[in-house]
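Note that the structure is a prediction, hence the values are computed from the model and not measured.
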Amino acid sequence: MYRTVTCGELRLADAGKSVTLAGWVQRIRKMGGMTFIDLRDRYGITQLSFNQETDAALCDAANKLGREFVLQVKGVVVERYSKNAALPTGEIEIEVKELNVLNPAVTPPFTIEDETDGGDDLRMKYRYLDLRRTCVRKNLELRHKMAFEVRRYLDEQGFLEVETPVLVNSTPEGARDFVVPSRMNPGQFYALPQSPQILKQLLMVSGFDRYFQIVKCFRDEDLRADRQPEFTQIDCEMSFVEQEDILNMFEGMSRHLFKVIKGIDLPKLPRMTWADAMKYYGSDKPDTRFDMRFVELMDIFHAAPGFTVFDSANYIGGICAKGCATYTRKQLDALTEFVKKPQIGAKGMVYARVEADGSVKSSVDKFYSQEVLQQLKAAMNAEAGDLILILSGEDIMKTRKQLCELRLEMGRQLGLRDPQKYSCLWVIDFPMYEWSDEEQRLMAMHHPFTSPKPEDIPLLDTDPASVRANAYDMVINGVEVGGGSIRIHDAKLQEKVFEILGFTPEQAQTKFGFLMNAFKYGAPPHGGLAYGLDRFVSLFAGLDSIRDCIAFPKNNQGRDVMLGAPGLLDPVQLDELQLKVDLKG
RNA sequence: GGUGCUGUAGUUCAGUUGGUUAGAAUAUCGGCCUGUCACGCCGGAGGUCGCGAGUUCGAGUCUCGUCGGCACCGCCA
């Protein structure tokens with residue numbers, strides 16, 4: 001045995017014991033006649049002490065060690081002369097009797113400390129060293145614990161974890177697929193699953209009733225801080241359920257996770273329709289940690305025309321920033337610049353301050369009477385000291401999204417987006433379809449297997465764009481952590497939905513024939529949802545990016561800079577696959 | 001496909017209007033130090049200023065191109 005104890009477990013009560021420890025050298029402090037070494041492993045840090053008077057040769061050997069050397073030491077646990085309250089093991093140290101260097105180490109390119117001196121790029125290249133840092137390791141420990149608790153909860157609820165294949169076929173709609181060439185079937189390709197969607201529905205047809213899987217999914221799209229090309233879903237499906245059953249089941253799972261992992265008692269989750277989310281927050285994933293809801297101001301400003309920008313607008317909406325009337329001209333100009341950034345795209349911003357005497361002073365004073373401005377104040381529920389920010393525009397949804405960005409920015413500036421505070425809700429009643437300018441047709445907003453709300457089914461014939469779906473998202477702090485729907489289990493209805501999406505019966509048969517065929521053999525009513533595990537963990541860890549809760553993540557360009565993936569293929573491999581590379585440009 | 005920020009010592013960064021030998025901190029190496037725990041003190045070494053071209057008497061600094069990184073828009077059912 002290399003060790004009898006870990007570096008995190010010894011306490012004062014262990015004084016006198018002979019122990020063997022193994023770990024990495026965190027830091028060496030040479031005092032002349034004495035040398036102290038902090039020995040680190042996964043479990044903590046234990047101080048080793050060497051004394052010139054006790055054992056000069058051993059002390060000399062200790063002085064020759066370097067950072068990240070791998071050591072085994074045998075010694076006695078002793079009480080310290082001067083204790084360190086900052087360490088759990090700070091009351092003891094190991095008086096070393098025997099020192100074995102299991103492996104020397106070259107100096108790492110950055111310091112293995114919580115406050116490291118390494119940048120993102122470098123730490124990614126040496127990810128195996130980055131993972132030695134406690135703060136990074138904690139994220140993976142949290143991830144393990146969450147995945148474990150998910151399994152515990154779902155197992156207790158009678159769910160079966162079933163594995164589904166990774167080599168599947170390409171599906172239309174949705175994201176771009178990652179593809180894998182088939183050597184045995186030249187010219188043909190597998191696709192990696194964007195999610196096990198169809199397979200889990202087939203498991204329902206098979207009668208599995210309650211399925212889940214913690215599973216990798218793959219989407220070949222451009223990346224963001226919260227998007228990786230391969231990511232992990234907690235994928236779930238249930239039979240003989242209605243939307244209400246699923247919301248309750250998984251609200252329960254979230255409550256379990258919050259309780260066990262964070263010690264938080266999650267209240268009953270509010271539910272907001274998609275239409276309200278857009279109306280009051282300009283987003284289908286509103287950050288409800290703070291209020292600052294949109295107030296629509298069309299009635300007020302159109303009743304007293306004057307400002308041509310407002311007069312011609314199809315949408316005028318405002319938010320009230322409490323206590324921000326003190327904002328300087330410079331700060332307001334900066335906010336205007338913010339909303340005018342190309343990524344946000346507003347033309348301008350109107351502001352109004354509520355003065356101490358209750359009067360309203362705005363950037364559009366010359367167009368509106370104080371009476372109109374007082375109506376504005378009343379509508380915004382604004383008080384003395386508040387700042388009202390208003391955006392207007394031709395396109396209602398676009399302007400709402402711009403106002404959403406402004407709201408989030410104000411929330412950030414006012415410190416209302418505390419990562420330690422959690423606000424969860426369900427967003428329900430999503431539209432079935434959204435119009436795609438690019439394809440000039442309706443696209444499924446969730447996916448093509450989502451069931452319409454029964455009362456909206458007649459609208460499929462008359463006004464498909466207004467049909468609402470039995471689809472729902474769980475949103476935490478403005479992050480979509482999960483989403484799902486009740487599925488169509490009727491082959492006829494499914495055919496109709498495919499038709500609206502623009503598939504010919506032949507295309508539908510080719511792409512989804514096996515699913516519709518399966519439904520003919522008795523499909524139970526079913527539905528489910530999937531959580532993004534990476535996002536869920538990063539929320540619990542208070543991270544800005546999901547990368548730090550993934551052991552070996554990829555960068556912006558989808559590269560693994562440690563492995564050097566993706567890379568070129570050996571010509572022999574290409575030949576076996578009967579592939580020729582023909583790069584454009 | 002697009003926008004913005006960014007690239008200087010192993011690392012994190014500073015570097016003025018274009019002007020002498022490019023600095024700091026930290027890491028590293030050497031010396032001193034018997035209770036440190038971000039130990040302290042003294043000293044040393046360490047640079048193709050991402051790469052390429054241009055402007056200029058002179059470029060880390062200005063211009064153009066290019067490559068990498070980060071954030072975002074498009075995209076991501």
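- Look at the P atom in both U11(B) and U55(B): the space between them is 33 Å, to the nearest Å.
- Each of Gly32(A) and Leu122(A) lies near RNA chain B, and the nucleotide nearest Leu122(A) is the one positioned closer to the 5' end.
- For Ala175(A), whose side chain is taken as the heavy atoms from C-beta onward, the closest listed nucleotide among C76(B), U36(B), C39(B) is C76(B).
- Rounded to whole Å, the C1' atom of U61(B) lies 15 Å from the corresponding atom of G54(B).
- A close approach under 4.0 Å does occur between a side-chain nitrogen or oxygen of Asn555(A) and OP1 or OP2 of G69(B).
- Atom-to-atom distance recorded for Phe536(A):CZ and Ile476(A):CD1 is 4.0 Å, nearest 0.5 angstrom.
- Proximity of Asn84(A) to the phosphate of U36(B): no side-chain N or O atom is located under 4.0 Å from OP1 or OP2.
- Between Glu230(A) and Lys554(A) there is a salt bridge, since a side-chain N of the basic residue sits under 4.0 Å from a carboxylate O of the acidic one.
- Backbone-only engagement by Gly119(A) is indicated by non-hydrogen atom pairs under 4.0 Å involving sugar-phosphate atoms exclusively.
- Within 4.0 Å of Arg123(A), counting heavy atoms only, lies no atom of the nucleic acid at all.
- Contact of Arg227(A) with C76(B) (side chain to base): a donor-acceptor pair of N or O atoms is detected under 3.5 Å.
- At a threshold of 4.0 angstrom between heavy atoms, the contacts of Thr107(A) are confined to the sugar-phosphate backbone, with no base atom among them.
- Across the interface with RNA chain B, nearest-nucleotide mapping of Asp117(A) and Lys83(A) shows Asp117(A) to be the residue nearer the 5′ end.
- The residue Pro448(A) sits close to a base: some heavy atom pair falls under 4.0 Å.
- Of the residues listed (Arg487(A), Lys200(A), Gln201(A)), the one engaging His526(A) in a side chain to side chain donor-acceptor pair (under 3.5 Å) is Gln201(A), and it is the only one.
- In this structure, Lys30(A) reaches the bases: a heavy-atom distance under 4.0 Å links it to at least one base atom across the strands shown.
- Looking at the side chain of Gln343(A), the nearest of the listed nucleotides C72(B), G35(B), U11(B) is C72(B).
- With hydrogens and angles ignored, a donor-acceptor pair closer than 3.5 Å exists between the side chain of Asn51(A) and the base of U34(B).
- For the P atoms, the distance linking A24(B) with G15(B) amounts to 15 Å, nearest Å.
- Between Arg29(A) and U36(B) there is no side-chain polar atom (N or O) within less than 4.0 angstrom of OP1 or OP2.
- Across all strands shown, Ser195(A) has heavy atoms under 4.0 Å from base atoms, whether or not it also approaches the sugar-phosphate.
- A donor-acceptor contact under 3.5 Å is formed by the side chain of Arg80(A) with the base of C37(B).
- The base of G68(B) lies outside donor-acceptor range of the side chain of Asp121(A), with no N or O pair under 3.5 Å.
- Centroid-to-centroid, the aromatic rings of Phe498(A) and Phe512(A) come within less than 6.0 Å.
- Annotation: G65(B) and C42(B) have their P atoms spaced 49 Å apart (nearest Å).
- Residue-level contact check: Gln557(A) touches the backbone only, with heavy atoms under 4.0 Å from sugar-phosphate atoms and none from bases.
- Among the heavy atoms of the strands, none lies under 4.0 Å from Asp120(A).
- Residue contacts shown for Lys125(A) are absent, as no nucleic acid heavy atom lies under 4.0 Å away.
- Within the nucleic acid shown, Glu93(A) comes within 4.0 Å of at least one base atom, counting heavy atoms only.
- Base engagement by Met31(A) is indicated by at least one non-hydrogen atom pair under 4.0 Å involving a base atom.
- Between G60(B) and U21(B), the distance separating the two P atoms is 11 Å to the nearest Å.
- Note on Arg224(A): every side-chain N or O is 4.0 Å or more away from OP1 and OP2 of C76(B).
- You cannot call Phe110(A) stacked on the base of U11(B); the centres under 5.5 Å and planes under 30° rule is not satisfied.
- Expressed to the nearest 0.5 Å, how far CG of Asp333(A) lies from NZ of Lys340(A) amounts to 9.0 Å.
- Ranking A38(B), U28(B), C75(B) by closeness to the Glu221(A) side chain, first place goes to C75(B).
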